[in-house]
2 protein chains.
Amino acid sequence: MRLTANKIAGILRENGYKLTPQRHAVLKVIAASSDHMTPETIYSKTREENPDIGLVTIYRTLDLLNSLNLVCRVHAPDGCRSYMMRRPVGHHHHLVCSQCGKVVDFDGCTLADLENRLTKETKFDITGHLLELYGVCPDCRHVPE
Amino acid sequence: MRLTANKIAGILRENGYKLTPQRHAVLKVIAASSDHMTPETIYSKTREENPDIGLVTIYRTLDLLNSLNLVCRVHAPDGCRSYMMRRPVGHHHHLVCSQCGKVVDFDGCTLADLENRLTKETKFDITGHLLELYGVCPDCRHVPE
DNA sequence: TCACAATTGAAAATTGTTTTCAATTATAAA
DNA sequence: TTTATAATTGAAAACAATTTTCAATTGTGA
């Protein structure tokens with residue numbers, strides 16, 4: 001089940017934030033894409049329909065949405081600050097195409113065993129992890145040049 | 001088995017790079033720490049003994065050591081560009097203490113099954129992954145304030 | 001309608017990183 | 001040894017990404 005821009009609008013309000021036209025515009029852009037996008041990309045896409053929005057607002061909106069767990073931050077090998085819609089509600093990870101940027105979500109990450117083992121071995125209190133898989137998607141593989 | 005600064009010096013030479021005093025100083029700093037460090041931290045630590053080294057040289061040296069797989073790049077939740085000595089030679093990951101930055105290496109990451117499954121499901125050609133675990137180390141846990 | 005708080009955009013400031021370039025250093029050839 | 005050549009360096013400038021500041025605007029509840 002996916003979060004639509006409208007549902008997110010409600011969540012925003014529930015948390016005491018206003019759904020301004022700017023935020024709505026940013027949400028629409030993120031929701032419309034299946035790829036992860038940098039703040040700069042989100043900025044220029046949003047400006048296509050809302051030419052008056054400022055880059056600062058993009059940054060502020062992304063921080064807000066991220067703090068509410070409404071968008072995901074994607075760590076790509078080149079840049080650590082790309083965003084996309086959080087699609088599954090729960091814990092999940094991304095498989096990112098290195099060529100076109102397409103992202104496939106997956107869950108069932110098998111780290112629980114690993115974390116248990118390491119907790120025993122290291123006495124660390126393990127609080128989280130960062131896992132991203134990289135590869136080349138079928139579309140990009142079939143068009144070599 | 002760990003790579004010492006001296007062994008790395010040899011590897012550098014084998015690959016056609018000179019072991020300059022500056023590079024040696026950077027290596028010493030990285031080898032002496034069990035934590036990951038940002039370029040800025042490495043810079044100031046190196047300057048304690050080599051006050052004339054420039055920040056540019058730090059960046060260049062880090063790029064070089066990284067391209068030779070002599071240091072690891074650590075992706076922490078706050079910053080994506082920290083470096084530490086590559087200790088195990090092979091494939092491995094990091095368990096990073098969120099409070100003091102200490103890093104424990106581990107291998108035996110159980111991603112092969114996951115990757116096989118996803119290869120079948122998504123037809124992606126999976127080429128790599130980014131995995132870092134975060135937690136609080138025993139030392140930091142025992143000293144609450 | 002009024003007052004207040006949240007939000008915005010522009011500009012400036014800050015931070016992190018890379019490029020440029022002339023000077024220095026090391027290495028190999030004569 | 002000298003000499004030529006290539007690699008390396010540091011300073012400064014350039015560049016890019018992000019954050020801060022602040023006055024103006026907007027929306028909301030009294």
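The distance between atom OH of A:Tyr83 and atom P of D:dA17, rounded to the nearest whole Å, is 14 Å. The distance from atom CD1 of A:Ile42 to atom C1' of D:dT18 is 14 Å, rounded to the nearest whole Å.
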Reading nucleotides 7-22 of chain C from the 5' end, what letters show protein touch, with B for base, S for backbone sugar-phosphate only, - for no heavy atom under 4.0 Å? SBBBB----SBBBB--
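Note that CG of A:Leu64 and OG1 of A:Thr57 are 11.5 Å apart. Values are rounded to the nearest 0.5 Å.
A disulfide bridge does not connect B:Cys137 to B:Cys97: their SG atoms sit 2.5 Å or farther from one another.
Residue pairs meeting the salt bridge (charged side-chain N to carboxylate O under 4.0 Å, His left out) criterion with at least one partner in residues 121-138 of chain A, sequence neighbours excluded, are A:Arg117-A:Glu121.
Checking side-chain atoms of A:Arg47 against main-chain N and O of A:Ile53 turns up a donor-acceptor pair under 3.5 Å.
Under the 30°/60° scheme for interplanar angles, the aromatic rings of B:Phe106 and B:His93 are found to be tilted.
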